[in-house]
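Beneath this line is the structure, given in structure tokens, with notes to follow.
Just so we're clear, the structure is a prediction, and the values are computed from it rather than from any experiment.
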Amino acid sequence: MISPSQLATRLLHAGTRPRRAFDAALRQWRRVRYRLTRVPREPDLVLFVAFNGRSYAGSPRAVYEHLLQDPRRQQLRFVWALRDPEGATQRFEALRDPRTTVVAYGTVEYFRTYQRARVWVASTTVPDYATPAKDQCYVQTWHGTPFKRLGADIAPDLVGAKVARFATRYRHDGAKMSALLSSSAFTTRAFASAFSLDRTRREHIVVPTGNPRNDVLARAGVADYDDQAATQRAARERTGLPQGKRVVLYAPTWRDDRKSADSTYRFTPELDFHALQQALGSDTVIAFRAHYLVVDNFDFAAYDGFVVDVSGVDEVNDLYLAADVLMTDYSSVFFDYALLRR
């Protein structure tokens, strides 16, 4: 007789239909467990999750660091959910604050924190089993201007996209939100459609605050020349990009129709790096930034010193600040980068 863990492993490596059945059963079990578990609420506890635990970054980071410095919020305590808690704590001093706990994303402690925390701050959808109680507040910051389609707006005929699941997940998440931050009238319309918000709900939860993570870009964009140069040098120190060269940030987005059997997304750079290197010369560096959903490992050894993979940099703002030029496709990064007026 096989153990439950062995059964789970076999199902995960089985064909598409058994895996879907297993995924559905697992989601239902988590919902039931969440409803039946009783964990005392901690009214001064705030949970932060950015990019599904992949990084300490984005608007959740901006909000967290602001609250850390706010003398009016000294009673608050914080939890960050990250996939690499130890590595993140070593890299970022702010996470070592005595009022902050870092938990591993997807663990039992992560599960329980949704029930313990009075406030959730996230930049992507929260787990479908996590449903806020009446005395809890779920703040959704999102992670950019939705230039491409999201949730309920993904084209029904898109190859490889699980459209019904996307639409359902976003609709359920929209129903949970206490506040949805928006940076423009366009963003508000796009969010309302993607999350299936009716007019009443939209007027109730959408807050036109701007994007908290972009405050640093807006300030840099209006700074004088010397301050901008100093900011750029500091960003290159943080990211390991070279001083004294022209840095081109190449940041394409992910493709819905390049999904593998294991539900991860793939991306193949289609630029001719050899031709670029010949044309641009040795005084230029291409900083390649893959979207956080893309799992490929990229080998740029043939272009050593010319193409640098910066996909592992947590905070994309550091790459914006370091770059002289942005090259992208239909990624929302160009809205953010435009604030620098470069």
Ring pair (Phe, Tyr, Trp, His ring centres under 6.0 Å) evaluation trace for Trp142 with Phe195: CA-CA 12 Å; Trp142 206 243; Phe195 289 101; 5.6 Å; yes

Ring pair (Phe, Tyr, Trp, His ring centres under 6.0 Å) between Tyr330 and Phe147, worked out: CA-CA 7 Å; Tyr330 55 95; Phe147 186 55; 7.5 Å; no

Check: Arg99 side chain, Phe78 main-chain N or O, donor-acceptor pair, under 3.5 Å: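 The answer is no, because no donor-acceptor pair under 3.5 Å joins these two groups.
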
Carboxylate-amine/guanidinium contact Arg236 Asp324, below 4.0 Å: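 The answer is yes: the pair qualifies as a salt bridge.
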
Salt-bridge present (Arg213, Glu65; N to O < 4.0 Å):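 Judged by the 4.0 Å cut-off on N to carboxylate O distance, Arg213 and Glu65 do not form a salt bridge.
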
Hydrophobic cluster membership, with links at side-chain heavy-atom distances under 4.5 Å among I/L/V/M/F/W/Y: are [X] and [Y] in one?
{"X": "Val216", "Y": "Val121", "answer": "no"}
{"X": "Val316", "Y": "Leu321", "answer": "yes"}
{"X": "Val313", "Y": "Leu340", "answer": "yes"}
{"X": "Val126", "Y": "Val46", "answer": "no"}
{"X": "Leu319", "Y": "Val247", "answer": "yes"}

Measuring from [X]:[atom1] to [Y]:[atom2], what's the distance to the nearest 0.5 Å?
{"X": "Phe334", "Y": "Tyr320", "atom1": "CZ", "atom2": "OH", "answer": "11.0 Å"}
{"X": "Asp329", "Y": "Lys148", "atom1": "CG", "atom2": "NZ", "answer": "8.0 Å"}
{"X": "Tyr170", "Y": "Phe191", "atom1": "OH", "atom2": "CZ", "answer": "9.5 Å"}
{"X": "Gln277", "Y": "His274", "atom1": "CD", "atom2": "NE2", "answer": "7.5 Å"}
{"X": "Thr125", "Y": "Arg171", "atom1": "OG1", "atom2": "CZ", "answer": "13.5 Å"}

Contact check, side chains of Val63 and Phe48, non-hydrogen atoms, under 4.5 Å: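 In contact.
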
Heavy-atom side-chain contact between Leu181 and Pro212 under 4.5 Å: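 The answer is yes, as the side chains (C-beta and beyond) meet within the 4.5 Å cut-off.
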
Verdict with supporting geometry, Asn52 and Thr124, side chain to side chain donor-acceptor pair (under 3.5 Å): CA-CA 6 Å; Asn52 296 321; Thr124 49; 2.9 Å; yes

Least distance between heavy atoms, Ala287 atom then Leu241 atom: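 Looking at all heavy atoms of both residues, the closest pair is CB-CD2, 4.1 Å.
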
Minimal non-hydrogen separation, Ala104 against Pro85, with atom names: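 Nearest pair, atom of Ala104 first, then Pro85: CA-CG, 3.6 Å.
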
Side-chain H-bond candidate by donor/acceptor type, Asp153 with Ser193, under 3.5 Å: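 Yes, Ser193 and Asp153 have a side-chain donor paired with an acceptor closer than 3.5 Å.
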
Residue pairs fulfilling side-chain hydrogen bond (donor to acceptor under 3.5 Å, both in side chains) with at least one residue in residues 81-96, sequence neighbours excluded: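 For residues 81-96, and leaving out neighbouring residues, the side-chain hydrogen bond (donor to acceptor under 3.5 Å, both in side chains) pairs sorted by first residue read Arg91-Asp314.
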
Aromatic ring pairing Trp80/Tyr64, orientation class (parallel under 30°, perpendicular over 60°, tilted between):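 Perpendicular.
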
Residues, nucleotides or ligands: over 12 heavy atoms within 6.0 Å of Arg246 CZ: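 Buried by this count: over 12 neighbours within 6.0 Å.
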
Side chain to side chain donor-acceptor pair (under 3.5 Å) between Ser311 and Asp309, intermediate numbers included: CA-CA 6 Å; Ser311 303; Asp309 188 357; 2.6 Å; yes

